[in-house]
Amino acid sequence: MLWCLSLPLLAQDTRQQLWLTYNAQQQLNKHWGYQFDVNHRLADLQQPASVVSAVRVGGTYFTGKQLRLTAGYAWFGTHTQLKAHRLLHENRLWQQALWQYKLPKAKAMQRIRIEERWKEQLGNGQLNNLFTVRFRYMWQWQYPVWHSTTHPQRQLMLHAADEAMLHAGDNLGKHFFDQNRLIGGLAYMPNQHVEMHLLYQYITQYRADNEAWQHINSIRLTLLQQL
């Protein structure tokens, strides 16, 4: 909590974004499967401008019904808001462990992810290449509030999650804190293969490049498909 106390002492800015995400995953046999997602983020909802585009793929090993291990590659492109538009590339390797379990009336999930990131960054008009490692921990909770009497798999759920991220590497200064994402909203399942999420996401992020705290209010629309 010490980083929260330092917020008033540093430069801050607040922004609005819209996140559009498609996630897909498939289990091919008892132990092996794959997953991928694509997402696009927009800023300034009155005059939308692209912020980030991303593609992520991974191979998954299922140890059982609850625990799965995944490793893969991701590409992220950051859209600069300069007159001469430029796309800054980021390549990632990532590994994660995901544990799903059931509570008496709800579903829960915990995830630990490690990312090795090679990213381009503009500084003083020059393009720099940086390497960082980021550690992410997320918990997620879903509670059903409605289901169809004729189709029990059709249901509406409350959705809540929080994800904290720490990182280390080039040009980060003394701040190991990267960001925190607090998420809440609704998840609708028309069948057992599809989930649609309408979520609000509040992000607190420390930007080492300009030593500023950034606060982002975002709407997140997600389609999750079990292939």
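- In this structure, the side chains of L103 and W141 come closer than 4.5 Å at one or more pairs of heavy atoms.
- Transitive grouping of hydrophobic side chains (ILVMFWY, heavy atoms separated by less than 4.5 Å) keeps V133 and M138 in distinct clusters.
- Across all non-hydrogen atoms, the minimal contact from Y143 to K105 is CD1-O, 3.5 Å.
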Intermediate values then yes/no, side chain to side chain contact (heavy atoms under 4.5 Å, CB included), L98 and M109: CA-CA 7 Å; L98 186 149; M109 182 268 284; 3.8 Å; yes
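- In this structure, T204 and F177 approach most closely via the heavy-atom pair O-CZ, 3.7 Å.
- Annotation: side chain of Y22 is not in contact with side chain of D37 (no heavy-atom distance under 4.5 Å).
- Between L88 and Q121, the closest heavy-atom pair is CD1-CA, 4.3 Å.
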Test side chain to side chain contact (heavy atoms under 4.5 Å, CB included) applied to F36 and V55, step by step: CA-CA 7 Å; F36 69 91; V55 179; over 6 Å; no
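- Linking ILVMFWY residues whenever their side-chain heavy atoms come closer than 4.5 Å, directly or via other members, leaves L67 and Y61 in distinct clusters.
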Residue pair L20, V38: steps toward the side chain to side chain contact (heavy atoms under 4.5 Å, CB included) verdict: CA-CA 8 Å; L20 306 172; V38 294; over 6 Å; no
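- Note that NZ of K102 and NZ of K107 are 7.5 Å apart. Values are rounded to the nearest 0.5 Å.
- Partners of W118 by ring pair (Phe, Tyr, Trp, His ring centres under 6.0 Å), not counting sequence neighbours, listed by chain and number: F131.
- Not less than 6.0 angstrom separates the ring centroid of F62 from the ring centroid of W32.
- You'll find the side chain of L224 stays beyond 4.5 Å of the side chain of V194, heavy atoms only.
- Using a 4.5 Å cut-off on side-chain heavy atoms (C-beta onward), L223 and M196 make contact.
- Rounding to the nearest 0.5 Å places CD of Q26 at 9.5 Å from CD of Q226.
- The shortest distance between side-chain heavy atoms of R181 and S218 does not fall below 4.5 Å.
- Atoms CD and CH2, from E90 and W75 in turn, are 10.5 Å apart once rounded to the nearest 0.5 Å.
- The two residues A187 and E195 make their nearest non-hydrogen contact at CB-OE1, 4.4 Å.
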Derivation and outcome, side chain to side chain donor-acceptor pair (under 3.5 Å), residues W94 and Q96: CA-CA 7 Å; W94 60 280; Q96 73 175 32; over 6 Å; no
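- Put simply, the side chain of T70 reaches to within 4.5 Å of the side chain of Q35, judged on heavy atoms.
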Side-chain donor/acceptor pairs under 3.5 Å, residues 158-166, sequence neighbours excluded:
residue: H159; atom: ND1; partner: Q142; partner atom: NE2; Å: 3.0
residue: D162; atom: OD1; partner: N180; partner atom: ND2; Å: 2.9
residue: E163; atom: OE1; partner: R136; partner atom: NH2; Å: 3.3
residue: E163; atom: OE2; partner: R111; partner atom: NH2; Å: 2.9
residue: E163; atom: OE2; partner: R136; partner atom: NE; Å: 2.8
residue: E163; atom: OE2; partner: R136; partner atom: NH2; Å: 3.2

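- With sequence neighbours left out, L156 forms a side chain to side chain contact (heavy atoms under 4.5 Å, CB included) with V145, W146, L186, Y188.
- To the nearest 0.5 angstrom, L42 atom CG is 5.5 Å from S50 atom OG.
- You'll find the side chain of Y34 reaches within 4.5 Å of the side chain of L28, heavy atoms only.
- For the pair N23/N39, no side-chain contact is recorded, criterion being any heavy-atom separation below 4.5 Å from C-beta on.
- For the atom pair OG1 (T60) and NE2 (H31), the distance works out to 13.5 Å, reported to the nearest 0.5 Å.
- Within the 3.5 Å criterion, the main-chain N or O of R134 finds no donor-acceptor partner in the side chain of E115.
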Step-by-step side chain to side chain contact (heavy atoms under 4.5 Å, CB included) determination, V51 to H79: CA-CA 5 Å; V51 178; H79 303 265; 5.8 Å; no
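- Here Q25 contributes atom CD and Q225 contributes atom CD; the two are 10.5 Å apart, rounded to the nearest 0.5 Å.
- Between A106 and P144, the shortest heavy-atom distance links the atoms CA-CD, 4.4 Å.
- R15 and Q17 share no side-chain donor-acceptor pair at under 3.5 Å.
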